[in-house]
Amino acid sequence: MIPSRELYGLTNPIPIEKIVVPIQKHDSNEECNVRALYAILEAVCDRVEMHNNIGEQRNNWNTLLLNSINMITLTASTMAGVAATGDSHLGLKLSSTLLFSAVTGMMVMVNKIQPSQLAEEQRNAVRLFKQLQREIETVIALGVPCEDDVKEAMEKVLALDKAYPLPLLGSKMIEKFPKTFGTAVWWPSRQHLQRKNRDGRRESRKQSNGWSEEMEMEMREIVKVLKTKDGEDYERLGNLVLKINKFLAISGPLLTGIAAVGSFSGSPSLAAAAASLAAVVNSFEHGGQVGMVLEMYRNCSGFFKLLEESIESTLDQSEVEKRENGETFEMKVALKLGRSLSELRDLARKSSYSCIEGTQNEEFASKLF
């Protein structure tokens, strides 16, 4: 039975930076660890709610700004066209020029922050914080947590905070137009991925701990497929979407700027054509949510990288008894890749045979995405 939060006096959300667990003389280390985990759990639950609310807000931004920019652009284009029908429509000409200038500034701002990408970042943050919440609850439910569990949970929270910051501008904001496609990283450094020795208190282990040479070779082949197929494919797609997004982000404001110049200089045909193209570009970029697609590729690439590091760090642990149980670990890897255990082993065999025969394995590791 999981102790209630009220038992430990933790009824309100506590900021992760201000977690202080008072140690009383009559409290054991185990009780202190449980209290610390509940404090972290409160902070995680608070972050889930916070990222969820902000995600909804930024998704609304994308819809509202998309419709507003397109309406202003088409209105200005119509005004420029009407102004061209006579010489006494100076007011319409000036109005269309001002509207084109205003929408150019709005496009620059929206393309800078990429609302659809911001919303996707928050959705990913909510999912990952909920996953961490379930992990902490499981640790508490399985038995008496140790100090390493507390440290690991703390490091994961801080890593997620760093990976999915809330500021829109400044150095903490995720760069929307990097030089090259970068993988999302939301986990602590690799050394923290290694499982700590639980002294056999959570489960009775076999002498081999469920591991064998065959299983180790299988896991190494899976890592090889993840790197050469899934990881490279998402990196290629991510770079392609990044280039498309950069082109669209530059084209929209440039076209509305040309429309403003055309309207002011008395070239209504140029203004109307440029404005129409700008509306199409804006609709494709933000209506099609190209930024969201880019963030989705970053997240998928990060998923494969995390799985690679998790397998490698487990295999790097020379003492088999300190690893997670091999059969359980194999099942987790299979589930993450959307495969059955037999399919996972078949994939490893195919990869091994392709290396021996000097051919290329065409099968991807993941069947989920």
Working for side chain to side chain contact (heavy atoms under 4.5 Å, CB included), residues V185 and W187
CA-CA 6 Å; V185 178; W187 57 92; 3.9 Å; yes
Under the side-chain hydrogen bond (donor to acceptor under 3.5 Å, both in side chains) criterion, do N33 and D149 qualify, and how do the steps go?
CA-CA 8 Å; N33 292 331; D149 292 318; over 6 Å; no
Side chain to side chain contact (heavy atoms under 4.5 Å, CB included) assessment of F181 paired with S301
CA-CA 10 Å; F181 175 75; S301 180; 4.1 Å; yes
I222 and L337: side chain to side chain contact (heavy atoms under 4.5 Å, CB included), yes or no, with the steps?
CA-CA 10 Å; I222 296 300; L337 296 176; 4.0 Å; yes
Which side-chain N or O atoms in residues 265-280 pair as donor and acceptor under 3.5 Å with protein atoms at least two apart or in another chain?
unit_1: S265; atom_1: OG; unit_2: V261; atom_2: O; d: 2.8
unit_1: S265; atom_1: OG; unit_2: G262; atom_2: O; d: 3.4
unit_1: S276; atom_1: OG; unit_2: A272; atom_2: O; d: 2.8

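With no hydrogens or angles considered, no side-chain donor-acceptor pair links E56 and Q122 at under 3.5 Å.
The aromatic ring centroids of F304 and Y234 lie less than 6.0 Å from each other.
Using a 4.0 Å cut-off between charged side-chain N and carboxylate O, K229 and E362 make a salt bridge. Between K332 and E324 there is a salt bridge, since a side-chain N of the basic residue sits under 4.0 Å from a carboxylate O of the acidic one.
When the shell of 6.0 Å around NZ of K305 is examined, it contains 12 or fewer heavy atoms from other residues, nucleotides or ligands. No more than 12 heavy atoms of other residues, nucleotides or ligands shown are found within 6.0 angstrom of CD on E214. The environment of CZ in F284 is sparse: at most 12 heavy-atom neighbours from other residues, nucleotides or ligands sit within 6.0 Å. Heavy-atom contacts from other residues, nucleotides or ligands closer than 6.0 Å to CZ of F177 number more than 12.
In this structure, OH in Y38 is found 11.0 Å from CD1 in I136, a value given to the nearest 0.5 Å. Note that CD of E295 and CZ of R123 are 10.0 Å apart. Values are rounded to the nearest 0.5 Å. Of the inter-residue distances, the one linking K246 atom NZ with K176 atom NZ reads 14.0 Å to the nearest 0.5 angstrom. Between the CG atom in L226 and the CD atom in E232 there is a gap of 11.5 Å [rounded to 0.5 Å].
Taking the six-membered ring for Trp and thresholds of 30 and 60 degrees, H51 and F129 have nearly parallel ring planes, at less than 30 degrees apart.
Under a 3.5 Å cut-off, the side chain of T104 and the backbone N or O of F100 do form a donor-acceptor pair.
Within the 4.5 Å cutoff, no side-chain heavy atoms of K336 are placed close to those of V333. Side-chain contact between F329 and I311 is present, with heavy atoms from C-beta onward closer than 4.5 Å.
The one candidate from L37, V139, V34 that meets the side chain to side chain contact (heavy atoms under 4.5 Å, CB included) condition with V150 is L37.
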